[in-house]
Protein chains: 2
Amino acid sequence: MSTSINAPYHHGNLRRALLEAALIILEREGEAGLGLRDLARAVGVSAAAPYRHFDGRAALLEALAVTGFQRFTAAMEAIPLANPPDLMAAMGKTYVLFALDNANLFRLMFSPQLKRTAAPACAWPPTRRSKPCAISAVATPRPAASPRSRPWARVHGLAVLLLDGQIAIRAGEDTEALIAEIVRTSLRLAPAILPV
Amino acid sequence: MSTSINAPYHHGNLRRALLEAALIILEREGEAGLGLRDLARAVGVSAAAPYRHFDGRAALLEALAVTGFQRFTAAMEAIPLANPPDLMAAMGKTYVLFALDNANLFRLMFSPQLKRTAAPACAWPPTRRSKPCAISAVATPRPAASPRSRPWARVHGLAVLLLDGQIAIRAGEDTEALIAEIVRTSLRLAPAILPV
DNA sequence: ACCTGAACACCGTTCAAGT
DNA sequence: ACCTGAACACCGTTCAAGT
């Protein structure tokens with residue numbers, strides 16, 4: 001019986017189990033509270049076991065960030081497929097809600113302490129040219145980093161302001177509607193009027 | 001001779017020495033790289049000595065944040081006294097430049113992991129009513145946390161975007177001028193047009 | 001190939017003891 | 001009153017050894 005419980009870890013899915021447990025701990029305790037030994041304990045494995053799958057704590061954090069960017073990109077790329085009446089507003093809303101729903105993961109994704117060994121997998125907007133969807137029309141690649149060419153900057157700023165509690169949402173307010181309105185206004189004005 | 005070197009620490013300025021050294025290490029290594037034992041070593045004192053002056057690492061971090069807010073507030077309050085032609089632009093520029101010049105301290109000041117035991121000393125805009133300067137005309141107290149009532153939110157967002165590298169400044173660009181222009185535009189439009 | 005156990009050099013924190 | 005030395009329970013990381 002104990003064999004059936006431990007069996008999966010001998011079948012190659014310890015890496016996934018570690019990542020899943022790590023995501024939960026990260027969101028509950030924050031990055032500082034995510035210890036490699038705690039993680040190994042949570043998954044029921046020895047303290048040294050994670051080192052078969054990750055080069056160390058920094059590598060684990062980067063792997064978490066990469067899965068974060070994958071989920072984030074997937075969520076953003078799903079929006080145009082639904083043909084919403086206001087595409088920009090819908091994508092901005094998804095952007096901000098992802099940040100609020102995955103606060104610590106989002107913070108980690110944009111943390112300056114990330115090693116970013118797998119650079120292109122740790123960036124938004126995605127740099128690959130293979131996906132010709134609405135994103136490429138809106139998103140500009142890294143090199144052209146002029147403020148004018150970064151329409152997502154405003155939305156990112158809004159997300160961070162909400163995360164930092166710098167913009168507080170009053171009790172009883174319709175969070176989603178408020179965010180949608182702010183995002184809509186920001187994105188509409190951004191290219192037309194504002195230099196950011 | 002060794003007496004003259006160690007003497008200051010017996011005269012009551014170990015606390016200040018710790019804070020000064022901590023600020024340097026924080027800016028060089030980031031919050032994660034600021035260890036209590038490293039700090040004690042850097043100041044030439046035993047590992048237990050800091051505990052006479054701070055309740056622990058969290059308390060030291062909060063003390064750092066408090067001095068950060070003090071310096072920040074002082075810098076901001078100095079602007080109106082100089083009677084600049086465009087007060088808002090000047091204050092916004094000071095805000096953003098402080099963030100860039102004290103990146104890790106600024107991040108710590110708004111970090112969600114801050115204990116904030118001394119709550120009013122860990123906030124911007126300052127909550128005290130004692131200083132009737134231009135700030136009180138612009139800054140709104142915490143309770144009224146509506147997006148509309150937070151003109152500093154946009155500037156804070158810009159600061160974080162620059163810190164995160166989400167808005168990159170191209171090589172050869174006039175950083176100060178660029179920031180000043182963005183800040184000026186943001187602050188002017190904020191109360192009039194935008195809901196943030 | 002994948003995991004364990006024990007070890008190493010560290011932490012933050014506490015506490016008796018020194019001056 | 002302020003600091004030291006030694007100790008405690010932890011870390012992240014490494015490495016021989018197990019299966």
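Chain A is the first sequence line, chain B the second, and so forth, proteins listed ahead of strands; every chain is numbered from 1.
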Structure string for DNA chain D in dot-bracket form, Watson-Crick and G-U at under 3.5 Å, | interchain: ||.|||||...|||||.||

Val66(B) versus Cys122(B), closest heavy-atom pair with distance: CG2-SG, 3.8 Å

Separation of dA9(D) P from Arg41(A) CZ (nearest whole Å): 14 Å

Interatomic distance where CZ belongs to Arg15(B) and C1' belongs to dA1(D) [whole Å]: 16 Å

Donor-acceptor contact present, side-chain Thr67(A) to main-chain Leu64(A), <3.5 Å: yes

N-O pairing of Glu20(A) and Arg15(A) below 4.0 Å: no

Protein proximity profile, nucleotides 12-19 of chain D - base contact B, sugar-phosphate-only contact S, no contact -, cut-off 4.0 Å on heavy atoms: BBBB----

Donor-acceptor contact present, side-chain Ser111(A) to main-chain Arg107(A), <3.5 Å: no

Backbone N/O of Leu34(B) and side chain of Arg57(B): donor-acceptor pair under 3.5 Å: yes

Whole-Å distance separating the CG atom of Leu60(B) from the P atom of dC11(C): 15 Å

Donor-acceptor under 3.5 Å (Asn102(A) side chain, Leu105(A) main chain): no

Side-chain donor/acceptor of Asn13(A) to backbone N/O of Arg16(A), under 3.5 Å: no

Plane angle bin for Phe72(A) and Phe69(A) - parallel if under 30°, tilted between 30 and 60°, otherwise perpendicular: perpendicular

